[in-house]
Amino acid sequence: MSLPRQLRDESDFDQLPDDVPISANVADIEEKRGFTSHYVFVIEVKTKGGGKYLIFRRYRQFYALHVKLEDKFGAESKNSSFTCTLPILPGKVYVGAKREIAESRIPILNTYMKKLLNLPIWVLMDEDIRLFFYQSVFDSEQVPKGLQRIRPRTRRVKSISPKAPGFDRMAASRAEALFDFTGSNKLELNFKKGDLVYLLSKINKDWLEGTVGDATGIFPCAFVQIIKDLPQVEDTINWLRCYYHDENVSSIRDISVEEDLSSTPLFKDLMELMRREFDRDDISLNYRDAEGDLIRLLADEDVELMVLQGNSWPSGKNVFPWKLHVTQQDNFSVYNTSPAGGAIQTLTMKGP
């Protein structure tokens, strides 16, 4: 039974405003840097009226919301005559790698939000819940990087029954369910904690396709523990070749990226990637033109010109045809020189 249908049966769903959220799922996690680094959850929210948008929330914001709801509507609340059974939200964790902690919270938060948005109307209309799921100006101005966990497009396939003649249970790719999962449409697989899920294919890095009993569908990888993985397929990672020029030494580094070879990145994204890869802020990005001179990149238009020129040159498999040259920000001696650049020693640092 879908979430809207459950609400319609339990309450006067049709009287709800169209902007009331009815489902929410973590689409990705992103690291944010301030005085200290922290992770935020990128959440895709769907409303009763069919709207869809993204919000960005830290775990402490979930925790603060839960404390307020317990005070208002919890079973032991003395502040309201209306009480209900609220979903459980585990407390904060202070020990461990921040990214691993954030990753482990994804299935927990997905379950929490699903149960929260399935509560009676008088809870859904609460001001704190409405504000939490509301897309603020800050949310609308953010540019998400990945969104790898948004449900992918899928296809219908025939079920593979473990009861079929000749089916080898021990040889089959399979996983054990760590949590209950209820899909939001017919293409998603429902299962209970402890179920054995036979794997059919890998949709992307966060979603798998599998079968339980006579049902087949997709589900999040985070909800299962792999017992026997699917056979390895060809690596679809692409590589961006970079040349780093530092005084008398020029080094080559191939950086793995998930974008398609035909994509054109933004200047600020390229700059952020290079600063992170080379662990330096005082750098400039360049490309070589047809005459062999280095041209400095300063804006998106320069990147588009570099990509356009690079696409006319031959390139290897899974390698971008355009190349980046990384120089020190204050070093202008690299411009208007011959392609050879004098006697420069070249070191290969890593490659595909």
Side-chain angles (χ1 to χ4, degrees), residues 27-33 37 42 99 142-150 152 202 204-206 232-332 334-335 337 339-341 344-352:
D28 211 344
I29 59 171
E30 290 187 2
E31 185 178 14
K32 300 292 184 181
R33 293 185 179 273
S37 65
V42 186
R99 183 173 186 87
Q142 301 303 300
V143 180
K145 298 177 182 177
L147 303 187
Q148 295 297 322
R149 294 175 180 85
I150 285 184
K202 188 178 182 67
N204 58 33
K205 73 174 186 178
D206 295 297
Q232 293 294 316
V233 296
E234 184 180 356
D235 188 6
T236 57
I237 293 294
N238 294 317
W239 298 87
L240 171 59
R241 174 150 293 184
C242 302
Y243 298 86
Y244 181 74
H245 304 279
D246 184 5
E247 297 180 353
N248 296 325
V249 176
S250 177
S251 58
I252 300 174
R253 180 177 300 189
D254 290 322
I255 300 172
S256 62
V257 292
E258 295 184 357
E259 281 78 8
D260 186 84
L261 290 177
S262 63
S263 62
T264 301
L266 297 176
F267 172 73
K268 66 180 182 65
D269 293 338
L270 272 183
M271 182 64 78
E272 181 180 350
L273 175 62
M274 292 302 110
R275 285 171 173 166
R276 186 169 62 247
E277 280 289 329
F278 292 98
D279 195 26
R280 294 192 65 158
D281 290 330
D282 58 337
I283 60 172
S284 292
L285 306 185
N286 313 266
Y287 71 97
R288 285 203 185 278
D289 63 10
E291 287 71 37
D293 291 333
L294 283 185
I295 307 298
R296 180 173 287 195
L297 301 174
L298 298 173
D300 290 340
E301 292 77 11
D302 299 325
V303 177
E304 292 172 4
L305 186 60
M306 173 187 67
V307 172
L308 180 63
Q309 177 178 292
N311 286 337
S312 63
W313 295 349
S315 181
K317 183 180 179 181
N318 295 119
V319 178
F320 282 87
W322 46 273
K323 312 292 187 280
L324 271 183
H325 291 258
V326 182
T327 61
Q328 296 180 48
Q329 195 171 43
D330 297 330
N331 182 11
F332 296 97
V334 297
Y335 302 109
T337 61
I344 296 179
Q345 180 185 3
T346 299
L347 303 176
T348 300
M349 298 181 68
K350 64 178 181 180

Give me the atom names and distance for the closest heavy-atom approach of [X] to [Y].
X	Y	answer
Pro265	Val303	O-CG1, 3.4 Å
Ser263	Trp322	O-NE1, 4.4 Å
Val326	Met274	CG2-SD, 4.0 Å
Thr327	Tyr335	OG1-OH, 4.0 Å
Asp281	Arg275	O-NE, 3.5 Å
Cys242	Phe278	CB-CZ, 4.2 Å

Within-4.5 Å side-chain heavy-atom neighbours: [X] and [Y]:
X	Y	result
Ile255	Leu324	no
Arg288	Lys323	no
Glu272	Arg276	yes
Arg241	Trp239	no

Give, for atom [atom1] of [X] and atom [atom2] of [Y], the distance between the pair rounded to the nearest 0.5 Å.
X	Y	atom1	atom2	result
Thr264	Phe320	OG1	CZ	9.0 Å
Gln328	His245	CD	NE2	11.5 Å
Ile283	Asp330	CD1	CG	12.5 Å
Leu285	Leu273	CG	CG	9.0 Å
Glu277	Asp254	CD	CG	10.5 Å

Q) Is it true that a side-chain atom of Asp282 and a backbone atom of Gln329 form a donor plus acceptor pair closer than 3.5 Å? A) no
Q. For Tyr244 and Arg280, what are the C-alpha separation, side-chain angles and deciding distance, and is it a side chain to side chain contact (heavy atoms under 4.5 Å, CB included)?
A. CA-CA 11 Å; Tyr244 181 74; Arg280 294 192 65 158; 2.9 Å; yes
Can you list the residues that meet the side chain to side chain contact (heavy atoms under 4.5 Å, CB included) rule with [X], with sequence neighbours excluded?
X	result
Asp269	Leu266
Leu298	Arg296, Asp302
Leu305	Tyr287

